Number of protein chains: 2
Amino acid sequence: MLKVGRLADYGVLILHHLGRMRPARLAMDSIAEITHLPLPTVRKVMKYLVDAELVISKRGPNGGYQLARPPAQVSLAEAIAAVEGPLTLTECCAARSTCEIHDRCDLADRWPGVNAIVVKVLERTSLADLDRFGRHEPHVPPPLRELMAPIRHL
Amino acid sequence: MLKVGRLADYGVLILHHLGRMRPARLAMDSIAEITHLPLPTVRKVMKYLVDAELVISKRGPNGGYQLARPPAQVSLAEAIAAVEGPLTLTECCAARSTCEIHDRCDLADRWPGVNAIVVKVLERTSLADLDRFGRHEPHVPPPLRELMAPIRHL
DNA sequence: AAATTGTATACCTGGTTAGTATTGAATGCG
DNA sequence: CGCATTCAATACTAACCAGGTATACAATTT
Ligand code: SF4
Ligand code: SF4
């Protein structure tokens with residue numbers, strides 16, 4: 001578990017492809033095609049990405065979407081947050097916690113610390129970095145190399 | 001988002017309290033009381049924790065639950081996994097991916113790398129470490145101190 | 001045997017997520 | 001101008017699953 005929603009996952013995938021094409025524009029149809037995602041779903045995701053200003057849209061003939069910034073300057077954290085909202089491991093990590101127990105819970109002020117670290121990792125991983133990961137011999141991208149140093153043994 | 005399920009959250013909370021009491025035993029009623037969780041919910045969670053061998057149970061009068069190991073030797077990753085199963089950010093991080101697109105998706109072999117790093121962070125944070133986190137001036141526990149060194153500025 | 005305490009199973013149900021359909025608005029072109 | 005192209009906005013539906021509950025059972029101690 002510890003899931004990232006499907007739509008957010010799709011968002012990252014789309015951004016990845018837009019990054020590969022940049023600075024060219026891609027129409028929604030094309031995006032649906034190269035990502036193998038159903039077109040109506042792409043529509044929904046694009047709205048989030050535009051609202052978050054991660055992509056720039058242009059209408060009319062020869063319109064489409066374009067990644068707003070170079071892939072190296074778009075973090076996974078931003079991408080996920082664009083679709084799913086603020087990254088919060090637990091309820092009490094949110095700005096306004098809605099947890100019933102909150103004031104009586106010992107951990108209410110502990111989780112945010114853990115959350116911060118996890119988010120930090122995601123903030124330090126850009127779309128460009130993502131390209132360098134591989135399943136079997138995972139390449140650790142430069143921004144994370146220092147972070148990983150003590151645990152390189154796996 | 002990037003949520004940890006509520007039940008897993010409860011699991012950690014329960015383990016935290018068991019840790020504080022160790023090596024004393026705590027009956028389910030008592031656990032429900034000090035955690036402020038509904039008793040039937042506690043029942044369900046305990047089953048997971050016992051199955052994962054994180055806690056030891058004893059029946060009969062003066063029975064209850066006991067943390068199997070010192071808090072410093074129980075990681076958040078274990079705790080969460082005990083309740084929710086393997087930690088997988090996306091479908092393609094699981095042992096058997098069920099994602100429709102998987103073989104045609106550019107990122108199918110990239111996510112596992114990211115996943116590994118996040119999991120590593122959670123593996124390096126123990127219940128004991130958790131006690132040292134605070135909301136406003138979060139204390140970084142020793143095992144993570146090295147990891148955090150480059151990003152201490154927040 | 002009786003009291004205490006955990007175990008197992010089965011069920012319900014509300015909310016969220018993923019996915020779809022429809023209609024509308026902006027842009028560019030000839 | 002008016003038409004083709006393309007994105008925007010809204011509203012809806014369906015499926016699923018996490019969270020929560022109830023009940024009956026088994027083990028241990030005294
Ligand atoms: S307050 Fe306690 S119970 Fe509520 S979300 Fe935070 S940790 Fe979980
Ligand atoms: S394969 Fe591609 S789409 Fe399927 S889960 Fe992994 S990343 Fe998301």
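It should be emphasised that the depicted structure is a prediction, and the values quoted were computed from it without experimental measurement. Labels below follow one simple rule: chain letters A, B, ... track the order of the sequence lines, proteins then strands, and each chain is numbered from 1.
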Next item on the list: Using a cut-off of strictly less than 4.0 Å, decide whether A:Ser57 has a side-chain nitrogen or oxygen near OP1 or OP2 of D:dT6.
Entry: no
Next item on the list: Tell me which nucleotide among C:dT27, D:dT21, D:dA8 gets nearest to the side chain of A:Pro61.
Entry: C:dT27
Notebook entry, point to check: Taking the side chain of B:Met28 as heavy atoms from C-beta outward, which of C:dT7, C:dT20, D:dA8 is closest to it?
Noted result: C:dT7
Margin query: Expressed as a whole number of angstroms, how long is the span from B:Leu26:CG to C:dG6:P?
Written below: 10 Å
Margin query: Which is more 5' along DNA chain D, the nucleotide nearest B:Arg6 or the one nearest A:Ala27? Just name the residue.
Written below: A:Ala27
Notebook entry, point to check: Of the nucleotides D:dT21, D:dC7, D:dA26, which one has an atom closest to the side chain of A:Arg59?
Noted result: D:dC7
Next item on the list: Would you kindly say whether A:Thr98 and A:Glu91 are connected by a side-chain donor-acceptor distance under 3.5 Å?
Entry: yes
Check: On DNA chain C, nearest-nucleotide positions of A:Lys44 versus B:Arg43: which is more 5'?
Finding: B:Arg43
Check: Is the closest basic N to carboxylate O distance between B:Glu78 and B:Arg69 below 4.0 Å?
Finding: yes
Margin query: Please report the distance, rounded to the nearest Å, between CD in B:Glu84 and P in D:dC17.
Written below: 14 Å
Margin query: Tell me the interatomic distance from B:Leu39, atom CG, to D:dG19, atom C1', rounded to whole angstroms.
Written below: 15 Å
Item checked: Straight-line distance of B:Ile31 CD1 to B:Leu18 CG, nearest 0.5 Å -> 5.0 Å
Item checked: Atom-pair distance (NZ on B:Lys47; C1' on D:dT21), nearest Å -> 17 Å
Note to self: Looking at B:Tyr10, I'd like to know whether one of its side-chain N or O atoms comes within less than 4.0 Å of OP1 or OP2 on D:dG19.
What the structure shows: no
Notebook entry, point to check: Rounded to whole angstrom units, what separation is found between the CD1 atom of B:Ile101 and the C1' atom of C:dG19?
Noted result: 13 Å
Check: Do B:Lys58 and C:dG6 have a side chain to base donor-acceptor pair shorter than 3.5 Å?
Finding: no
Checklist line | Closest to side chain of A:Tyr65, choosing from C:dG6, D:dA8, D:dT21 | finding: D:dA8
Check: Does the side chain of A:Leu87 come within less than 4.5 Å of A:Val118's, by heavy atoms?
Finding: no
Checklist line | Interatomic distance where CD belongs to A:Glu91 and C1' belongs to D:dG19 [whole Å] | finding: 13 Å
Checklist line | Rounded distance (Å) that lies between atom P of C:dT5 and atom CE of B:Met46 | finding: 15 Å
Notebook entry, point to check: What nucleic acid atoms does A:Pro40 come within less than 4.0 Å of, heavy atoms only: base, sugar-phosphate, or nothing?
Noted result: base
Next item on the list: Please tell me if the side chains of B:Tyr48 and B:Leu54 come closer than 4.5 Å, counting only heavy atoms from C-beta onward.
Entry: no
Next item on the list: Find the distance A:Leu7:CG to C:dA18:C1' and express it as a whole number of Å.
Entry: 6 Å
